[in-house]
Colleague: 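After the structure tokens below, expect a handful of questions from me.
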Protein chains: 2
Amino acid sequence: MATIDDVAKAAGVSKGTVSSVFSKKRPISRPVTERVLEVAKGLGYYPSHVARSLAIKKTMIAGLKMPISKDSVMSGFEIQMINGVIREFSKQGYRLLLDTLPEHDDPTQFSIDPVDGVIMLNPRKQDPRIERYNQMGIPLVLIGRPDPIEEQISYVDNDNRHLSLQVGQYLINLGHTAILFLNSSADMTVAIDRENGLAEAFQQSGQSYDQVHVMNYSRRQHANPTEYGYVSLKNIYEPNRFTAIITDTDRVALGVMRAARELGIDIPGELSVIALSNDATLAQEMTPALTSVELSAEMLGTEAAKILVEKMKDVDIVEQKIIEAKLVIRESCRLLK
Amino acid sequence: MATIDDVAKAAGVSKGTVSSVFSKKRPISRPVTERVLEVAKGLGYYPSHVARSLAIKKTMIAGLKMPISKDSVMSGFEIQMINGVIREFSKQGYRLLLDTLPEHDDPTQFSIDPVDGVIMLNPRKQDPRIERYNQMGIPLVLIGRPDPIEEQISYVDNDNRHLSLQVGQYLINLGHTAILFLNSSADMTVAIDRENGLAEAFQQSGQSYDQVHVMNYSRRQHANPTEYGYVSLKNIYEPNRFTAIITDTDRVALGVMRAARELGIDIPGELSVIALSNDATLAQEMTPALTSVELSAEMLGTEAAKILVEKMKDVDIVEQKIIEAKLVIRESCRLLK
DNA sequence: CTGAAAGCGCTTACAG
DNA sequence: CTGAAAGCGCTTACAG
């Protein structure tokens, strides 16, 4: 690869001049510009991003910290969210560095990524990385709530508690109190938030939460979300035991519906189904069309990216944003008679 | 941010020593190592990836060049493929830089990304970027075939022509010759390859290809793939005009099935449906389960990544790999009586 | 409008 | 096992 020096020499100018021709940060005369460009082209010269980054201390790259488990694929939720992040960064001229590398405990191996800021997915409890980014002076925005919540941390999240409170109210108003809840993995903060929200709905309406049977997704037990729904219903359904079922995602609901067909259960006649969906493209195509919650995953991503772009200009900016989820009523739930 | 100099001074050693403590490239005595590490921790020092990259001329980052259209979301195919790429790179210790920035004609704006190699999606005809990467000495692997095909270019691809030849033979053997083909966008090389393959199937069996009606997806006409399938069938179906339908993806087939339900067409009784699928997770959940082609999108990604890793070690390596697609027969096609 | 030179924060061959 | 110094390829304040 030709360097700026090669071009400077071949064009008979200083490298400062070559630099200016490419960066346009200071005006260079027409003839000189043309000569430099021509020489550069002949030599196949392109400025080195790395060298420039070192000099200006900016990379125009934003990082997305997202652990990827060995066996599983990205969920519809993650994909949509990433889509939102990419779209926004792309619009603002940033590239995205996907860091899916597993974490290292060896402090010696923890090198700073070449990024101007990072978005971190699903922070864990007391996540030590948050402090580390802070220490490094790298702007950070979380997707998902930090635990514990702190004033100085920027993040975007759904209000999962409120969302399942609404779902609970909706079902209770339809007369459903015997509910099977196919929740997500127990170790996720969302799972807890959702349970609390549902419990609150029951409490508010004076119903006993005992009528709710909660199950959790587990990667060991279930091959995939659809199987989770299918197997769960097949195994534990008895007529009249549940009148409604809340699923983690629409994929889970897909499995539930398949099982229901095989068991001869009419949806929504005998059983109402509602999904706390992660991937809304499917819901409207199912038969019956699935009533679900629209999480706006893409918007979560977009908003996180927007906040990060602001923070990369001014580290002191802090913004916390709750993205509204909305209940989309379709055809899979019915008033209990 | 503390630099290597700060640490060196505070620890009373040279920066070469600090460097060695972190890179482990030469042995440093136990006591010195500990002192350096302690000082580094106190100062919140982490090595700068950018500076190191400049010095060693390697970034351990691979690029994924993938244009993202303003309005559309990634397809299931793209997502799975990216998944494969990420997984393989992650395994090999590389990070992934997603470059979705639109292309610039201004040569002045074309800066080299901080990557050791790149994977490029869907190369266009006579794609000028291929030559450019070559010129820059950056290892390149394509996903999708280059046009024209050249000996020195590495790529992985499906054999789309052969794949639709197989599908054609399968349908013809079932007695279907009046076929509606809901193909992908006309401007993609896959669309052409597929048509050729299907035509070949007809020719081989001595059937007239005139019985095939080909349509192309168009972003302007169709809101999304599902709508494409739905609208197409609604608009042009007349009893006995077609006995089988080949769809671009399973999403398109989903729309076809919805339209068929509304029109009272029995699948597969009256109409056989088969998808040249991009996203196989759906096919098995549909009713009836969709017969489709498994493209192994994830494997395309994995293989491309593997080849790139090799090329990043030795630029001269060239590998071209065809990933076998296989027909997965489920329930949506039936022998024509 | 252009040049000379210091600086960005690392690595590494050379010397001891 | 450790240090001093040159080098990686850019940018930029200073000077003219």
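Chain identifiers are assigned alphabetically (A, B, ...) following the order of the sequence lines, protein sequences preceding nucleic acid strands; residue numbering begins at 1 within each chain.
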Colleague: Please table the atom pairs, donor to acceptor, closer than 3.5 Å between any side-chain atom in residues 315-322 of chain B and protein atoms at least two apart or in another chain.
Modeller:
residue : atom : partner : partner atom : Å
B:Q320  : NE2  : B:E150  : O            : 3.0
B:Q320  : NE2  : B:I153  : O            : 2.6
B:K321  : NZ   : B:E303  : OE1          : 3.1

Colleague: B:L43 CG to C:dG9 P: how many Å, rounded?
Modeller: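 In whole Å, C:dG9 P lies 13 Å from B:L43 CG.
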Colleague: Who passes salt bridge (charged side-chain N to carboxylate O under 4.0 Å, His left out) against A:K91, sequence neighbours left out?
Modeller: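 A:K91 satisfies salt bridge (charged side-chain N to carboxylate O under 4.0 Å, His left out) with A:E88 only.
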Colleague: From the options D:dG9, D:dC1, C:dT2, select the nucleotide whose nearest atom is closest to the side chain of A:L54.
Modeller: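 So the side chain of A:L54 is nearest to D:dG9.
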Colleague: Would you mind listing every salt bridge (charged side-chain N to carboxylate O under 4.0 Å, His left out) that reaches into residues 38-48 of chain A, with sequence neighbours excluded?
Modeller: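 Pairs touching residues 38-48 of chain A that pass the test: none.
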Colleague: Would you give a per-nucleotide map of nucleotides 10-16 of chain D, 5' to 3', where B means the base has a protein non-hydrogen atom under 4.0 Å away, S means only the sugar-phosphate does, and - means neither?
Modeller: BBBBB--
Colleague: Could you tell me whether B:R95 and A:D99 make a salt bridge, using a distance below 4.0 angstrom between a side-chain N and a carboxylate O?
Modeller: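 A salt bridge is present here (some side-chain N lies under 4.0 Å from a carboxylate O).
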Colleague: Please classify the nucleic acid contact of A:V50 as base, sugar-phosphate, or nothing, using heavy-atom distances under 4.0 Å.
Modeller: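 Contact class for A:V50: none.
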Colleague: Taking 4.0 Å as the cut-off, does a side-chain nitrogen or oxygen of A:K57 come that near to OP1 or OP2 on C:dG7?
Modeller: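 Result: no.
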Colleague: For the pair A:K306 and A:E310, find out whether any cationic side-chain nitrogen is under 4.0 Å from an anionic carboxylate oxygen.
Modeller: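 No salt bridge links A:K306 with A:E310.
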Colleague: Rounding to the closest angstrom, what is the interatomic distance between D:dC1 and D:dA5 at atom P?
Modeller: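 Those two atoms are separated by 24 Å.
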Colleague: Using ring pair (Phe, Tyr, Trp, His ring centres under 6.0 Å) as the criterion, list what pairs up with B:Y45, not counting sequence neighbours.
Modeller: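 With sequence neighbours excluded, B:Y45 shows a ring pair (Phe, Tyr, Trp, His ring centres under 6.0 Å) to B:F22, given in chain and number order.
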Colleague: If we only count heavy atoms from C-beta on, is the B:S184 to B:V190 side-chain gap below 4.5 Å?
Modeller: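 Contact flag for B:S184/B:V190 side chains = yes.
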Colleague: What closest approach, in Å, do A:S154 and A:I307 show between heavy atoms, and which atom pair accounts for it?
Modeller: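 Smallest heavy-atom distance, with atoms named: CB-CG2, 4.2 Å.
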Colleague: Once Watson-Crick and G-U wobble pairs under 3.5 Å are found, how is DNA chain C written in dot-bracket notation, 5' to 3', with | for any base paired to another strand?
Modeller: |||.||||||||.|||
Colleague: Between D:dG16 and D:dT12, how far apart are the C1' atoms? Round to whole Å, please.
Modeller: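 16 Å, rounded to whole Å.
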Colleague: Among C:dG9, C:dC1, D:dT2, find the nucleotide with the atom closest to the side chain of B:V32.
Modeller: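 Nucleotide nearest to B:V32's side chain: D:dT2.
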